[in-house]
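Atom set for the values below is all heavy atoms of this structure, side chains included, hydrogens, waters and symmetry mates excluded. When a ligand or atom number is given, it counts from 1 through the structure's own listing order.
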Amino acid sequence: MEKLFDPFVLLFTAGFSVTGIWFIYKVYRWLAGLSSADRSLVFHGVFSARLWKALIETISESLIHRKVFSRNPRLGYMHMSLAFGWFMLILIGNIESTWYTGDLFKPIYVSVFWRFFDPGPAFPRAAWQPGFAFIMDLFLLLVLSGLLFAIVKRFRSRLVGLKRTTRQQPVDRLALTALWLIFPARLIAESMTCGAHGTGSFLTGTLGHLFSFAFSPSPLVLPTWWFYSFILSSFFFLLPFTRYAHIPSEPVLIFLRRFGVRVSIESPSFTDLNLHACSSCGICLDACQLSEVMPGKQVQSNYFNRALRNGANPPHQWDCLLCGRCGSACPVGVELIPIRQLQRPDTGIGRGLQLPGLVGKNGHKVTILYFAGCMTHLTPGIISSMRKIFDQSGASWHFFDADGQNCCGRPLKLAGQTQAASELKKKLEQDFLRSGAGLLVTSCPICFRIFNEEYRLPGMRVLHHSQYISELLEWKRIKVGPSGLSAAYHEPCELGRGSGILVEPGLVIRSLFHSDVTPSGEGLCCGGSLGGVALEPEVRKAVARGAAEQLTVNHPDVLITACPLCKKTFKPVTSIPVQDIAEATAHYLIAGSSMPERRKSTKVLGYEINK
Ligand code: SF4
Ligand code: SF4
């Protein structure tokens with residue numbers, strides 16, 4: 001074989017070096033920007049089984065795109081064929097060139113342009129050569145089929161199961177064009193070479209054969225390799241400045257996440273890594289209900305990520321409902337909601353949500369604290385229902401915020417007032433613990449989430465009222481009569497997707513109604529979320545109307561939810577009665593159903609129910 005060099009390889013080498021240097025610099029910055037606690041997690045993770053789990057996840061998500069497949073097989077095929085096919089072309093090209101040269105440390109370009117350096121003799125010198133040519137053609141065909149899907153997706157996204165695709169920036173379009181040209185350019189260069197030498201397999205060999213019928217391919221061999229090298233070089237020059245930065249970034253995110261690193265104010269570089277790992281795939285566009293009601297406005301998470309990545313102010317960031325639908329749809333697992341919350345500085349935009357100060361509570365020796373939450377005070381029907389349920393169960397309970405003067409702090413946090421939120425939290429934590437109660441029940445999923453995630457309440461169990469009611473039913477502390485009606489269930493974002501409370505609301509609803517309600521964690525947002533502090537009322541209404549229409553498509557007798565805010569939001573937009581799960585339970589309570597003999601027991605379900 002002649003020397004393994006030609007000047008055209010310099011183009012590719014220059015572009016690839018830019019990406020390589022950028023990537024090494026970024027990995028250094030991502031690690032250096034972690035808090036010392038997170039760096040220690042990474043250090044310990046490297047020497048644990050999590051390293052292997054991260055490796056498996058990288059193969060299954062970055063190459064095979066398993067999650068995208070499970071959501072949308074056509075889109076999954078497109079991503080898989082491009083990523084896995086390209087990876088295999090690199091891997092097998094490297095094995096083939098190493099096998100033949102015997103040099104493990106040859107320059108990278110040798111395996112990239114291997115067919116140029118070794119077109120393969122007309123009569124193979126080794127039995128394995130046609131095998132390599134066949135496998136390489138097979139993977140090139142796989143990539144080209146994925147490319148076809150990508151082109152269809154760009155111009156007719158519905159054919160691949162997407163209603164919308166990301167609107168590209170000029171630099172992204174340029175990189176996309178380069179990416180689309182890489183594989184046809186490779187096919188032509190390899191086929192031209194095979195045509196000139198009478199080699200190749202079913203794809204490059206056949207095309208080369210056709211070329212040689214029409215013209216003499218030999219003079220075109222070198223120009224086509226120059227073109228291929230130029231296209232590769234263009235793509236790698238652009239990669240660090242475009243959405244394609246996700247290709248090397250996503251595996252780093254997977255490893256760090258597996259080691260336990262999470263988005264936090266202490267580790268800003270991890271947020272940057274999340275933003276770079278976003279592939280702008282656009283899956284979050286269809287998941288976001290604002291796409292329907294704010295057409296043309298770039299409120300969704302892919303645009304938010306892109307703006308932050310480019311150092312710009314994210315558009316419409318105060319319109320986002322923080323419902324989390326985009327986060328649970330995102331196949332990359334970008335921590336969208338925590339990132340959005342960190343980007344909500346105390347700008348004053350959320351000051352309209354200023355809530356009343358705390359009123360201290362002292363010395364209440366009770367077993368159960370009921371915290372209605374300020375939103376529940378706007379829907380008194382839920383409070384009177386909970387009173388009825390508590391009383392009927394025979395519990396010793398205390399209405400902690402009967403005066404409606406307490407806030408859990410989460411609405412302020414969602415509005416960017418983190419300092420005020422943390423002061424409220426500290427005060428409430430002390431008051432809760434001073435009460436001596438073993439159980440805290442709340443009617444508000446917003447309060448429930450922050451109590452669970454951020455409050456330190458040692459020795460105190462926290463339940464949403466749907467869980468509490470479910471336990472009362474299970475332990476026969478209360479009984480309900482069947483309503484004989486049908487119901488649909490709206491999963492509140494903070495309760496279902498946000499806190500993973502799915503089973504208990506389903507159990508309660510199935511015991512009341514003859515509807516097979518099985519919450520999935522994929523619920524629609526009602527539009528009333530406190531997150532969208534800048535959202536126009538008519539946009540909220542449109543979101544609510546759209547969600548109500550979908551939820552009541554089977555004409556249930558009643559629409560059940562488990563959140564005071566959702567109930568208030570749905571009521572004006574649907575003719576079907578809307579009830580909170582507590583109201584429905586209280587409505588069908590069978591009087592005198594609590595079991596006196598059970599009252600003697602002091603501990604049930606981990607907390608005292610009666611003394
Ligand atoms: S946030 Fe996730 S779903 Fe949305 S574009 Fe980025 S990677 Fe895709
Ligand atoms: S959190 Fe909800 S409203 Fe905000 S971008 Fe995601 S899906 Fe849309």
R262 NZ/CZ over F270 ring centroid, <6.0 Å and within 45° of normal: no

Any Y303 side-chain heavy atom under 4.5 Å of L285 side chain: yes

Closest protein heavy atom to atom 6 (Fe) of ligand 1, given as residue, atom name and distance to 0.1 Å: C278 SG, 2.3 Å

Protein heavy atom at shortest distance from atom 2 (Fe) of ligand 1: C330 SG, 2.4 Å

Of all pairs that satisfy side-chain hydrogen bond (donor to acceptor under 3.5 Å, both in side chains), the ones with a partner from residues 248-260, not counting sequence neighbours: E57-R257, E57-R258

Part of C284 within contact of ligand 1 (heavy atoms, under 4.0 Å): both

Side chain, backbone, both or neither: the part of N305 lying under 4.0 Å from ligand 1 by heavy atom: side chain

Sub-4.0 Å atoms of ligand 2 with respect to non-hydrogen atoms of R340: 5 (S)

Numbered atoms of ligand 2 (with element) below 4.0 Å of I337, judged on heavy atoms: 1 (S)

Residue pairs involving residues 162-184 (criterion salt bridge (charged side-chain N to carboxylate O under 4.0 Å, His left out); sequence neighbours excluded): K163-E292, R164-D286, R164-E292

Within less than 2.8 Å of atom 2 (Fe) of ligand 2: protein N, O or S atom count: 1

2.8 Å cut-off met by an N, O or S atom of C281 to atom 6 (Fe) of ligand 1: no

Salt bridge R29-D272, side-chain N to carboxylate O under 4.0 Å: no

Between S280 and N302: side-chain donor-acceptor atoms closer than 3.5 Å: no

Closest contact, heavy atoms only, L321 versus C525: CD1-SG, 3.7 Å

Proximal atoms of ligand 1 relative to N302 (non-hydrogen, under 4.0 Å): 5 (S)

Among V578, L378, D580, T561, side chain to side chain contact (heavy atoms under 4.5 Å, CB included) partner for K568: L378

Residues forming a ring-ring contact (aromatic ring centres under 6.0 Å, His included) with H464, sequence neighbours excluded: none

